Amino acid sequence: MKRRPEGEVRFTVALVSDTHVNEKEDFSASPYPVNAEANPRARHIFAQINQAAPAFTIHLGDMINPVPELPSYGTAVDNFNRIAQDLNAPLHLMPGNHDIGDKPVSWMPAGMVNEEYIALYEEHFGRHYFSFDHEDCHFVILNSPLINSGIPAEAEQAAWLEADLAENGDKRTFLFSHYPLYVSNPQEPESYDNIDEPGRSWLLGLIQRYKPEALFTAHVHNFWYDVIGETEYYVVPSTCFVRHDYSEMYRIDGGDQQGRNDAAKLGHITLEIHERGHVAHYHRSYGATMMEGGEPPSPVLRAPHTKTSNISGVYVDMRHAWAEEMVIAPSGAVDEFRRKKARNDYPVMAMWEMGLRGLRVPLQDLVDPVTRRRMTLMCDVGHRFHVYRYGMPDAAEVALLAEHRQLVERLELVLGWDEVDSLRDAVRDLGQATGISLILSRVNRKDAAKMSGGRFNHLISHGFSLEETEELADFTRANSGLLSGFQFTIMRSVDPWQAAASLRRFIKTTGLRAVLYVKSTEASAAQTFHDETANAERFAQAVLAGVGNGVDVVLDTFDDADRGYFTRTGLVDRRFNPRIAGRLLSALMLRLNEGEWHADPQGRSLRNAKGETLSVLSAGESVPATGIWHCPLTGQTGSNATLDQQPTTRLVVIETPARKSELA
């Protein structure tokens, strides 16, 4: 089912969650220092929401940190209301466990939801479940701690919800719950982080029957995405702190406060409601704060999204697992008596923020049924999979490729060049059997360099070189219809602009596709490339050169390679938080989606029909007289200047004179 939106954005909704506002401005009952930042962090995000001017805001619960049984509850509520009163648009609240009591969990010391706590919530916050309409969309707010509680209010809410969904079945419906139905899998055992049975199956049944467009949940302070039937399902992060037991998902140290202050994972969501479909844009706050009476922060930077991106020729090599389930150890805090499993969905979040559609993955991802399901969901939102395999697929793999051809945009066959003649018929049969475009790469050609820096290069080499284009053109003429294209590889020392221009001529000569695999490294596996700014420029120049010359590019590093061979920084770090490269690529993709761009024959930049040019300049370079530079790290802009030596890369947009005055 395709989930890319259609039509214009009709209105937007701001979503925030788990603000955990404290009873004092700089104090929290929690032993973690980060919790004391809750109030100024919430104030910062609410100020940004005002600048975005949504139709309304929905808070997904845990407005405050003290639980109902603590005497500081009322004071914290007053603080939250003071912070929230500055919102210009209406604010809709729902109860989290800190606001109304925990779901039934016998192993936790906090009080569970009960009639007394419901009355306390209603006194301070208002209705604890309700629905409302905006335009022709229907928004349903649940009291999820009630589910499975056995108190009378549970049955009342259940009857109301079933009637409400039935009565509004002709409207686009969006459902909101503090507790997630599940984190990674609808069959997962009960934990502190999900809705238990039988309530889970009951709510799943209603979702499958009435097919709301989306379900948004919170509570776990991390991000997950899934689909339930026809309903997109999101678990959204917090504004305040990260649930750091889930730091087990990253192969790196826990980080600040054992991972609780992984500030890049904090923020809020802008939900864009299109004429058909929606987009959930995540805005990272990086833990920024705003003091009471302080200056409002800069507005959130615009960002692309995979759902709405039209740039289909940029791919990233997903060397590390991108849909991996990790075992979360019993923490002794909120769960102690069994391990939990959780899928790491932060790679997905990062790709969406960059507007990236293309993934290069091994055939084993398609073979694995769990990852294959994720590939299906990713294709539905607009992703495209470049699948590769060394050698010819076996019979079972051919059958699988044929069955799931809709998931594979193209299949890269990595073959020994000396084998190709003998495999010609097998390659042709593979294309006919699967209906998938075939791209040929080569491995370990006899004349490939085996020496590097005076040492024997006992390492893999794959992809054709630019010097082989004429030979491949001859091969194409002799083997018409056999292949859809070829993959070429360039080392770090090769300029992607020159490579893309060469392959543009190859495409024109052969009529086939050329894929440019852009490496961030050189021949030595021991050489390191940890200059984050230089790597960001490498990625950016490759993307611009590929888009401008009509050549598909594959960036060789999504997340950092920080151990093993060929270590270098990527688009994201090992916590899957954006590096400079990822933030720069996000800014580039936003501009690239604004129209058609072509390589400017006068320089290393792109030009569009308006006469605007788009390029990346490094520190020390001068901005042309009509240039407007933009720093994707800070949101700052400037003109007519020499870029300073700060360790960053700036996206430089050179506008036409007619627009310069509007943008300066």
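This structure is a prediction, so every number in the text was calculated from the model and none was measured.
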Heavy-atom check, side chain of [X] versus side chain of [Y], under 4.5 Å:
| X | Y | result |
| --- | --- | --- |
| I118 | I100 | yes |
| E232 | V381 | yes |
| Y121 | M63 | yes |

No-hydrogen, no-angle side-chain donor-acceptor test under 3.5 Å, [X] and [Y]:
| X | Y | result |
| --- | --- | --- |
| D164 | S131 | yes |
| R82 | N79 | yes |
| N577 | K265 | yes |
| H305 | H281 | no |
| N310 | R357 | no |
| H59 | T19 | yes |
| E272 | H278 | no |
| R41 | T289 | no |
| Y282 | E353 | no |

Spacing of [X] atom [atom1] and [Y] atom [atom2] [to the nearest 0.5 Å]:
| X | Y | atom1 | atom2 | result |
| --- | --- | --- | --- | --- |
| R302 | H283 | CZ | NE2 | 11.5 Å |
| C137 | F132 | SG | CZ | 10.0 Å |
| M112 | E69 | CE | CD | 10.5 Å |
| T57 | I269 | OG1 | CD1 | 12.5 Å |
| R276 | E8 | CZ | CD | 10.5 Å |

**OP:** Could you check I228, T217, V235 and say which one makes a side-chain contact (heavy atoms from CB on, under 4.5 Å) with L181?
**Re:**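 Among I228, T217, V235, the one that satisfies the side-chain contact (heavy atoms from CB on, under 4.5 Å) with L181 is I228.
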
**OP:** Sort out for me which residue in L142, I195, L146 forms a side-chain contact (heavy atoms from CB on, under 4.5 Å) with Y179.
**Re:**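 Answer to the side-chain contact (heavy atoms from CB on, under 4.5 Å) test with Y179 among L142, I195, L146: I195.
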
Aromatic contact, [X] with [Y] (centres under 6.0 Å):
| X | Y | answer |
| --- | --- | --- |
| H221 | H20 | yes |
| F56 | H92 | yes |
| H268 | F46 | no |
| H244 | Y32 | yes |

Subject >> Salt bridge R575-D253, side-chain N to carboxylate O under 4.0 Å >> reply: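 Yes.
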
Original post:
Quick one: do K171 and D136 make a salt bridge, cutoff under 4.0 Å?
Top reply: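 Salt bridge absent between K171 and D136.
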
**OP:** Verify side-chain hydrogen bond (donor to acceptor under 3.5 Å, both in side chains) between N535 and R579, making sure each step is shown before the conclusion.
**Re:** CA-CA 10 Å; N535 292 343; R579 289 264 187 202; over 6 Å; no

Original post:
W224 pairs by ring pair (Phe, Tyr, Trp, His ring centres under 6.0 Å) with which of Y233, Y246, Y182, Y234?
Top reply: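 Considering Y233, Y246, Y182, Y234, a ring pair (Phe, Tyr, Trp, His ring centres under 6.0 Å) with W224 is found only for Y246.
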
Original post:
Hey, what's the ring geometry for F174 with F139, parallel, tilted or perpendicular (30° and 60° as the breaks)?
Top reply: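 Aromatic pair F174/F139 classed parallel.
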
Original post:
So F125 and Y73, would you call those rings parallel, tilted or perpendicular, with 30° and 60° as cut-offs?
Top reply: perpendicular

Original post:
Should N97 and K103 be marked as a side-chain hydrogen bond (donor to acceptor under 3.5 Å, both in side chains) after you check the CA-CA gap, both sets of side-chain angles, and the distance that decides it?
Top reply: CA-CA 7 Å; N97 54 299; K103 71 171 188 175; over 6 Å; no

Original post:
Which pairs pass salt bridge (Lys or Arg N to Asp or Glu O under 4.0 Å) with one or both residues in residues 25-37, sequence neighbours excluded?
Top reply: E25-R43

**OP:** In sequence, state the C-alpha distance, the side-chain angles, and the governing distance for L175 and I207, and then conclude on side chain to side chain contact (heavy atoms under 4.5 Å, CB included).
**Re:** CA-CA 9 Å; L175 195 60; I207 290 170; 4.0 Å; yes

Subject >> Residue among E135, E275, H274 satisfying side chain to side chain donor-acceptor pair (under 3.5 Å) with R10 >> reply: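 Filter result, single survivor: E135.
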
**OP:** Scan D18, D193, D262 and name whichever one has a side chain to side chain donor-acceptor pair (under 3.5 Å) with R243.
**Re:** D193

Original post:
So, for T12 and P54, which heavy atoms are closest and what is the spacing to 0.1 Å?
Top reply: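 Shortest heavy-atom contact: OG1-CA, 3.4 Å.
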
